[in-house]
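Numbering of ligands and ligand atoms starts at 1, following listing order. Computed from a prediction, not measured in an experiment: that's the story for all the values here. Just so it is clear, the values below take in all heavy atoms, side chains as well, and ignore hydrogens, waters and symmetry mates.
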Amino acid sequence: MISAAARPYIDASVPVLRAHGLAITTTFYRNMFAAHPELTSLFNMGNQASGTQQQSLAAAVFAYAAHIGNTDVLGPVIERIVQKHLSIGIRAEHYPIVGQYLIGAIKETLGDAATVPLLAAWVEAYDSLAKVFIAAEKKGYADAGITPGALRPLRVMQRRNESAGVDAFTLEPVDGQPLPACKPGQYISVAVDFADGRHQMRQYSLSDAPDGKQWRITVKREVAGAATPSGAVSNWIHDHVVVGSTLLATHPFGEFMPDTDSIEPVVMLSAGVGITPMIATLNQIVRVQPTRHVIFSHAAQDRQHHAHQVDIAAAQRLMPNLQVVTFYLAPSDDGAHTGLMNIAMLPDWPHAHADVYLCGPTGFMKAQWQALVLAGVPVTRLHREVFGPDLLDMQD
Ligand SMILES: Cc1cc2nc3c(=O)[nH]c(=O)nc-3n(C[C@H](O)[C@H](O)[C@H](O)COP(=O)(O)OP(=O)(O)OC[C@H]3O[C@@H](n4cnc5c(N)ncnc54)[C@H](O)[C@@H]3O)c2cc1C
Ligand code: HEM
């Protein structure tokens, strides 16, 4: 909570921050990285370059300013950020650094409008939010039994091509000890040291049901576009990692955890490499609730771009109530619908009693979310995983 004296300044600055949010966070990152270059190894410099991380932090600042003190609204936002921070190894001593440069950027961007009481109010607001994060992250590390940022060497036991530009890697701990418990839907961060000295981490959802012995991740090669470079970590993995290689990875984290024990119907909608957490979920349901009514729908460019067809076929043999609905952009003669995913083509399900899980590119997620809400699916039944900073405002 913040003091009664600070509150009016925070409330009054919401529209100002909305107008200047991107400029503030861009200035913040520029100044912070100049003074603390060591922090670049924590941040996804691809997101920095493409501007998505700047927008995400701006969005979080707005959410906080608009809903300060309202933990019902902020709770889910904070939980996602905390899980991401845990996966990267953010520590309590990082918060004063971020606070100093964030307040400094507000001052630099707003100029004369950044009065002494307004800045004092934001120091108070930031400190109170930082306290919430620090406490939640301290608990998260303690629950996981790890020191922040701990990396574990994992040996690559298998590498399998899944679809065009997408390979699955099966990993086992080098130390021979069991893997920690985790849930389908969660992700690990893989750390890469490049030859030029850069260190970067990226998150990869586990793409198989956890069994305590092995993890599997499925990585899509991010190819260069007309105006964008090829992805740093995904290409490094594709180019360097073979059976017998060692990868460094974190403990699994993430708040997207489909309920695999429930007996209610469940709907999973994915597109592209967004299939990975869905396959982990499907493979777990095969093990624990094989008679459950599952609608598994996936959209891909064509059959050559459809990963994990082997897992889906195996599940179909074991799950009498699994309904698989596939959409390919290109016409095909194997039962797939042609075109983008259209939820009107899915079998019916009881909207009030089934969770719907979504994962895929931004456009796909927005289109499906809006279609589902229009079709009468309660928002409380909708859950999503975003493979990047979550910038999605589904109401847009
Ligand atoms: C929770 C979570 C789970 C995920 N699960 C998976 C998964 O299961 N499988 C999977 O394949 N991926 C997954 N991802 C995505 C993954 O973490 C990486 O983001 C992805 O592999 C790309 O990383 P990269 O280093 O190859 O690309 P980056 O180097 O980070 O580049 C990313 C994008 O930014 C663009 N870019 C980079 N530099 C610039 C620049 N200077 N100017 C303009 N644009 C630029 C690139 O062209 C590229 O399109 C997940 C992400 C999250 C957050
Ligand atoms: C109150 C303060 C903070 C807020 C509001 C905040 C907000 C956010 C948000 C919104 C994200 C994106 C989450 C997502 O959707 O994936 C994020 C990720 C991240 N945060 Fe924070 N954060 C705070 C403090 C910190 C601190 C102290 C550090 C340490 C240097 C830090 C480092 C990171 C990193 C490295 C990521 C992932 C970036 C990426 O993958 O591009 N954050 N944070």
Side-chain angles (χ1 to χ4, degrees), residues 25 29 32-33 36 38-64 74 77-85 87-102 125-134 137 148 162 165-169 185-190 192 194 200-207 216-238 252-256 270 272-280 307 359 385-392:
T25 43
Y29 281 118
M32 184 174 76
F33 289 147
H36 291 275
E38 75 283 2
L39 292 182
T40 56
S41 68
L42 293 176
F43 285 84
N44 177 334
M45 298 313 278
N47 287 348
Q48 289 293 322
S50 62
T52 46
Q53 178 58 25
Q54 281 98 322
Q55 290 174 48
S56 187
L57 182 54
V61 172
F62 295 151
Y64 184 43
L74 280 184
V77 183
I78 289 176
E79 187 51 24
R80 178 179 164 94
I81 301 170
V82 164
Q83 292 295 316
K84 185 61 94 56
H85 284 170
S87 170
I88 292 161
I90 303 306
R91 300 194 303 270
E93 55 267 35
H94 292 134
Y95 280 85
I97 303 174
V98 165
Q100 178 191 343
Y101 287 95
L102 190 60
Y126 176 82
D127 286 349
S128 103
L129 184 57
K131 268 197 196 109
V132 174
F133 278 117
I134 290 168
E137 287 158 17
E162 280 294 337
V166 176
D167 282 14
F169 300 84
Q186 293 194 300
Y187 54 81
I188 54 175
S189 288
V190 172
V192 171
F194 294 99
Q200 283 281 277
M201 274 185 278
R202 295 291 183 272
Q203 292 70 48
Y204 293 100
S205 300
L206 298 175
S207 63
R216 184 175 69 182
I217 57 170
T218 303
V219 180
K220 177 188 160 205
R221 192 192 266 279
E222 283 294 331
V223 294
T228 52
S230 56
V233 171
S234 62
N235 281 282
W236 186 91
I237 291 176
H238 273 262
F253 288 104
E255 83 302 350
F256 179 78
S270 59
V273 79
I275 198 168
T276 54
M278 305 303 179
I279 291 293
C359 187
E385 178 62 293
V386 182
F387 280 2
D390 189 348
L391 309 175
L392 302 182

S.K.: With atom 27 (C) of ligand 2 as the reference point, say which of V132, L39, V98 has the nearest heavy atom.
M.R.: V98
S.K.: Under 4.0 Å from any heavy atom of V386, which atoms of ligand 1 are there?
M.R.: 53 (C)
S.K.: Only heavy atoms of V219, strictly under 4.0 Å: list the atoms of ligand 1 that pass.
M.R.: 11 (O)
S.K.: Can you sort out which atoms of ligand 1 are near T228, meaning under 4.0 Å from one of its heavy atoms?
M.R.: 44 (N), 47 (O)
S.K.: For residues Y187 and T276, determine if any side-chain heavy atom of one lies less than 4.5 Å from a side-chain heavy atom of the other.
M.R.: no
S.K.: Would you mind running through ligand 1 and noting each atom that sits below 4.0 Å from a heavy atom of Y187?
M.R.: 1 (C)
S.K.: Has ligand 2 got any nitrogen or oxygen that is less than 3.5 angstrom from a nitrogen or oxygen of Y95?
M.R.: no
S.K.: Considering all protein heavy atoms, does one lie under 4.0 Å from atom 39 (C) of ligand 1?
M.R.: yes
S.K.: Mark up the atoms of ligand 1 that fall under 4.0 Å of a heavy atom belonging to E385, in ascending order.
M.R.: 1 (C)
S.K.: Using a strict cut-off of 4.0 Å, indicate which atoms of ligand 1 neighbour a heavy atom of N44.
M.R.: 30 (O)
S.K.: Judged on heavy-atom distance to atom 5 (C) of ligand 2, which of L129, V386, T25 sits nearest?
M.R.: L129
S.K.: Looking only at distances, please establish whether an N/O atom of ligand 1 is found under 3.5 Å from an N/O atom of R80.
M.R.: no
S.K.: Any nitrogen or oxygen of Q203 lying under 3.5 Å from a nitrogen or oxygen in ligand 1? Just yes or no.
M.R.: yes
S.K.: If you count the atoms of ligand 1 from 1 in the order shown, which ones are under 4.0 Å from a heavy atom of T276?
M.R.: 7 (C), 8 (O)
S.K.: Which residue from H85, K131, H94 reaches closest to atom 31 (C) of ligand 2 through any of its heavy atoms?
M.R.: H85
S.K.: Please identify which atoms of ligand 1 are closer than 4.0 Å to at least one heavy atom of V233.
M.R.: 24 (P), 25 (O), 26 (O)
S.K.: Determine, considering heavy atoms only, which of I81, T40, I88 sits nearest to atom 13 (C) of ligand 2.
M.R.: I81
